[in-house]
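Data first, discussion second: the structure below is written as structure tokens.
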2 protein chains.
Amino acid sequence: MTSLTIAEAAERTGLTAHTLRYYERDGLLLHSVDRAPSGHRRYTDEDLRWIQMVTRLRATGMPIRDVRRYAALVREGDGNEVERLGLLLAHREVVERQLAEVTGHLRAIDYKIALYEGKVEQSA
Amino acid sequence: MTSLTIAEAAERTGLTAHTLRYYERDGLLLHSVDRAPSGHRRYTDEDLRWIQMVTRLRATGMPIRDVRRYAALVREGDGNEVERLGLLLAHREVVERQLAEVTGHLRAIDYKIALYEGKVEQSA
DNA sequence: CCTTGACTTCGAGCGCACTGCAAGGAGTGA
DNA sequence: TCACTCCTTGCAGTGCGCTCGAAGTCAAGG
């Protein structure tokens, strides 16, 4: 169980040190990060795994406040799996709808691109 | 060539009247929208078609300022098709990268969901 | 004539998710 | 010992994309 400074954790998660502190303050992590005697944060592998889940949720567009709710459920411990599942299922629906919408728009944009490619080729 | 009030245009485009005015003010439209003698805006079919293109670009995550650049190119008229094409191609790349990333994260979330479904089923 | 309601402009305000800054403490290499 | 760098907290600021509110105009219906 290695223990990383905030800079190292930032590098490994792709977040900034600022954002890591912000997530902790905002209740997105499961608990306060451990401290070295100096008061500096020390991140465990477990911390990093959770933060990766958080970044997955964030990267798929889940709002901070929903991530916080999910973290709160996990923090509570066993017994609320149905609620956690519901939250994730609802999120998946949103993401899938979004993917479909974006894909549709992208197809229309591709059509436009094809038109321009035709024009540009002709004038070349 | 029908001519619509801002409320009707809002309904047809899915934007709010507020947003339609904002887009016009911000240079996302090709020209100022026509006015009735009363000063009220009147949207043409052509306006609506362009606004649909704008919403496609926005819905796929193109920043307002890039939409504005694209609108400026179209406004300039023939001769800059290569530039327009470049802008759209660059945007397509961004969108496709994003789709891939989101899809990947979604798969990981699905895995988590499957775990919870197993747990919930077992306790049922 | 009077009210209602949709429209106008302008500028301010908001929600989100960071991001930056100031002031100070702590650990490390020369 | 000194300089340097990384870390700490707290709070303010930023950028984006709207969104709202105030105050006024105008056309139509009762």
Side-chain angles (χ1 to χ4, degrees), chain A residues 2-29 31-44 47 51 53-71 91 94-95 98 101-102 105, chain B residues 2-29 31-44 47 51 53-71 91 94-95 98 101-102 105:
Chain A
T2 53
S3 150
L4 305 175
T5 67
I6 195 166
E8 292 164 334
E11 201 195 17
R12 266 169 196 61
T13 58
L15 303 172
T16 68
H18 251 112
T19 302
L20 284 171
R21 292 194 201 97
Y22 165 65
Y23 280 2
E24 185 177 346
R25 216 178 335 129
D26 239 48
L28 272 58
L29 304 192
H31 45 71
S32 300
V33 174
D34 281 353
R35 300 302 176 115
S38 60
H40 293 187
R41 287 176 177 78
R42 290 293 176 264
Y43 291 83
T44 66
D47 290 334
I51 292 166
M53 181 65 186
V54 170
T55 61
R56 286 194 195 289
L57 295 174
R58 290 288 306 120
T60 49
M62 184 183 283
I64 294 280
R65 87 187 91 81
D66 291 3
V67 178
R68 184 163 43 229
R69 279 215 311 130
Y70 182 66
H91 180 56
V94 170
V95 175
Q98 237 167 247
E101 196 200 313
V102 169
H105 286 311
Chain B
T2 54
S3 149
L4 305 174
T5 67
I6 196 166
E8 292 163 334
E11 202 195 17
R12 267 170 196 62
T13 59
L15 303 172
T16 67
H18 260 110
T19 303
L20 284 171
R21 291 193 202 97
Y22 164 64
Y23 280 2
E24 184 177 348
R25 217 181 332 134
D26 239 47
L28 271 58
L29 304 193
H31 45 71
S32 300
V33 174
D34 282 351
R35 302 300 178 118
S38 61
H40 293 188
R41 287 175 178 78
R42 290 295 176 261
Y43 291 82
T44 65
D47 290 333
I51 291 167
M53 180 65 186
V54 170
T55 61
R56 285 193 195 291
L57 295 174
R58 291 288 305 122
T60 49
M62 183 183 283
I64 294 278
R65 88 186 89 81
D66 291 3
V67 179
R68 184 162 44 228
R69 279 217 309 130
Y70 183 64
H91 180 57
V94 171
V95 176
Q98 238 167 247
E101 196 200 313
V102 170
H105 286 311

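If you're wondering where the values come from, they're calculated on a predicted model, not measured in any experiment. Lettering of chains follows the sequences in order, A, B, ..., and the numbering in each one begins at 1.
For H40(B), the side-chain atoms get nearest to dA6(C) when compared with the rest of dA6(C), dT9(C), dT8(D). Side-chain atoms of R65(B) lie closest to dC16(D) of the nucleotides dC21(C), dA17(C), dC16(D). When the nucleotides dC7(D), dC7(C), dT19(C) are ranked by their closest atom to the side chain of A7(B), dC7(C) comes out on top.
Closest-nucleotide positions on DNA chain C for Y23(A) and S38(A) were compared, and the one nearer the 5' end corresponds to Y23(A). Each of P37(B) and G61(B) was matched to the nucleotide of DNA chain D holding its nearest heavy atom; the match closer to the 5' end belongs to G61(B).
Residue T5(A) has a polar side-chain atom (N or O) positioned under 4.0 Å from OP1 or OP2 of dC7(D). Put simply, R25(B) has no side-chain N or O that comes within less than 4.0 Å of OP1 or OP2 on dT8(C). The phosphate of dG17(D) (OP1 or OP2) has no side-chain N or O of R68(B) nearer than 4.0 angstrom. Contact annotation: R58(B) side-chain N/O to dC18(D) OP1/OP2 distance is under 4.0 Å. A close approach under 4.0 Å does occur between a side-chain nitrogen or oxygen of R21(B) and OP1 or OP2 of dT8(C).
Y22(A) has its OH atom 19 Å from the C1' atom of dT8(D), to the nearest Å. Atoms CE (M62(B)) and C1' (dG17(D)) sit 16 Å apart, rounded to a whole Å. For D26(A) and dG10(D), the CG to C1' distance is 14 Å, given to the nearest whole Å. Here dC18(D) presents its C1' atom at 16 Å from CD1 of I51(B), a figure rounded to the nearest Å. Atoms OH (Y43(A)) and C1' (dC7(D)) sit 11 Å apart, rounded to a whole Å. What separates CD of E8(B) from P of dG5(C) is a distance of 18 Å, to the nearest Å. One can place CG of L4(B) at 11 Å from P of dC7(C), the figure rounded to the nearest angstrom. Here dG17(D) presents its P atom at 14 Å from CG of L15(B), a figure rounded to the nearest Å.
The two residues A17(A) and A10(A) have their closest heavy-atom pair at N-CB, 3.8 Å.
Side-chain contact between R68(A) and I64(A) is present, with heavy atoms from C-beta onward closer than 4.5 Å.
Here the straight-line distance linking atom NE2 of H91(B) with atom CG of D66(B) works out to 8.5 Å at 0.5 Å rounding.
For H18(B) against dC20(D), a side-chain N or O and a base N or O form a donor-acceptor pair under 3.5 Å.
R35(B) comes within 4.0 angstrom of the backbone, heavy atoms only, and of no base.
Comment: D34(A) does not engage R41(A) in a salt bridge, judged by the lack of any side-chain N to carboxylate O separation of less than 4.0 angstrom.
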Discussion item. Show, in sequence, the C-alpha distance, side-chain angles and deciding distance for T16(A) and Y22(A), and conclude whether the side-chain contact (heavy atoms from CB on, under 4.5 Å) test is met.
Written reply: CA-CA 10 Å; T16(A) 68; Y22(A) 165 65; over 6 Å; no
